[in-house]
Amino acid sequence: MNYLEKIFGLNGKVAVVTGGGRGIGQVIACGLAQAGAEIAILSRSGADNTLEMIDERGGSGYYIKTDVTEEDEVERAMEKIIDRSGSMDIVFNNAGICMHQDTLDATAEEFRKVIDVNLTGEFIVAQAAIRIMLANGIQGSIINMASMSGSIANVPQWQVSYNASKAGVIHMTRSLAAEFAETGIRINSLSPGYIATPMSADTPKELRDAWMPLIPMHRMGKPEELIPAVLYLVSDQAGYTSGSDIVIDGGYTCI
Ligand code: NDP
């Protein structure tokens, strides 16, 4: 075993990735699998492509259809994972949605929908995972997907519900990290800037063009550029890191 495998290798670990059927979740699922973890993907509409990609990379994984806003479904999925894999060491709590809307055009129902998936959904997944980890004596690692939008207001598109949900994720993460610090379960958040995925590709081109001058690196990030931070956070090397928010944004929040 070489030095990097020794400090970042995940052989024998089990990782849950919500929203792993596409986008950032797909790439992180592959990265965790390549580091040796068995992957359980939770989302609503399948993950055949991701499972194929994991297989091509010599890893192993499976899919459990789950809506993260439904407590019963999440609980059942977590029980299935423990039954099938015998552990749950890592949770990449990533499923999310975005709505671009001028605030005066938005309804409370639309606002609630975004909060329901991005904030309440991540709470439901984190709570269920912590229960399982405590019951099985696992000192696991949870990464909640936040965003730079949890700290800044994006322009020119307005997205108050998304920004509020991600600010909530960052502080929920700190609150959970403090509450469970003594158990050895570590909980951190990840705050990417603009990353090229199906979610960002859904954004009209004129908006994406408007972002470029605002990003000091003048480009969007690649999902692959998030893998090393995830491998660090879930490794034993991050044993003293909990409640942190890691920002990976091409310098966006520096200016
Ligand atoms: P995508 O739209 O490409 O992927 C979102 C994933 O979430 C899909 O797999 C989707 O699967 C899943 N999902 C959505 N709703 C639910 C639900 N209710 N239950 C279970 N799964 C659900 O988005 P990205 O990959 O771009 O984003 C992933 C995360 O990263 C999100 O939390 C996003 O906010 C965050 N992020 C993204 C950035 C970007 O620029 N792309 C920047 C910063 C943060 P399905 O529809 O099959 O359920």
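Atoms within each ligand, like the ligands themselves, are counted from 1 in listed order.
The protein heavy-atom contact nearest to atom 42 (C) of ligand 1 is G193 O, 3.1 Å.
In terms of N/O distances under 3.5 Å, ligand 1 is not approached by E122. In terms of polar-atom proximity, P192 is not counted as a contact of ligand 1, lacking any N or O under 3.5 Å from an N or O of the ligand. Between I195 and ligand 1, a contact under 3.5 Å exists for at least one N or O pair. Considering backbone and side-chain atoms alike, S147 places every N or O at 3.5 Å or more from each N or O of ligand 1. By the 3.5 Å distance cut-off applied to N or O atoms, I24 is counted among the residues near ligand 1. In terms of N/O distances under 3.5 Å, ligand 1 is not approached by N118.
Contact annotation for T66 and ligand 1: only backbone heavy atoms (N, CA, C, O) come within less than 4.0 Å of the ligand. Looking at R44 against ligand 1, both its backbone and its side chain come within 4.0 Å, counting heavy atoms. Of all the heavy atoms of K166, the ones lying under 4.0 Å from any atom of ligand 1 belong exclusively to the side chain. Looking at T197 against ligand 1, only its side chain comes within 4.0 Å, counting heavy atoms.
Between the side chains of N49 and Q26, no donor-acceptor pair of N or O atoms lies under 3.5 Å. Inspection of the T50 and Y63 side chains reveals no N or O donor paired with an N or O acceptor under 3.5 Å. Side-chain atoms of S189 and D245 include a donor-acceptor pair closer than 3.5 Å. In this structure, a donor-acceptor pair under 3.5 Å is present between the side chains of T241 and Y232.
Around atom CZ of R57, more than 12 heavy atoms belonging to other residues, nucleotides or ligands sit under 6.0 Å away. In the displayed structure, M217 atom CE is contacted under 6.0 Å by at most 12 heavy atoms of other residues, nucleotides or ligands.
The nearest non-hydrogen atom to atom 27 (O) of ligand 1, considering only E73, M199, E70, comes from M199. Comparing G23, G25, A146, A47 against atom 44 (C) of ligand 1, the shortest heavy-atom distance belongs to A146.
Remark: ligand 1 atoms within the under-4.0 Å shell around heavy atoms of Y162 are 33 (C), 34 (O), 35 (C), 36 (N), 37 (C), 43 (C), 44 (C). Each of the following atoms of ligand 1 lies closer than 4.0 Å to a heavy atom of N94: 28 (C), 29 (C), 30 (O), 31 (C), 32 (O). Atoms of ligand 1 lying under 4.0 Å from at least one heavy atom of D67, given by number and element, are 17 (C), 18 (N), 19 (N). Taking every heavy atom of P198 and a limit of under 4.0 angstrom, the matching atoms of ligand 1 come to 3 (O). Taking a cut-off of under 4.0 Å to the non-hydrogen atoms of Y194, the atoms of ligand 1 that pass are 40 (O).
Between I142 atom CD1 and L233 atom CG the span is 12.5 Å, to the nearest 0.5 Å.
Not a single heavy atom of M220 sits under 4.0 Å from any atom of ligand 1. Using a 4.0 Å cutoff on heavy atoms, V117 counts as a contact of ligand 1.
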Derivation and outcome, side chain to side chain contact (heavy atoms under 4.5 Å, CB included), residues I187 and I130:
CA-CA 10 Å; I187 303 134; I130 291 168; 4.1 Å; yes

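Counting heavy atoms from C-beta on, the side chains of W211 and Q157 come closer than 4.5 Å.
Using a distance-only test at 3.5 Å, with no hydrogens or angles considered, no donor-acceptor pair links the side chain of D102 to the main chain of L104.
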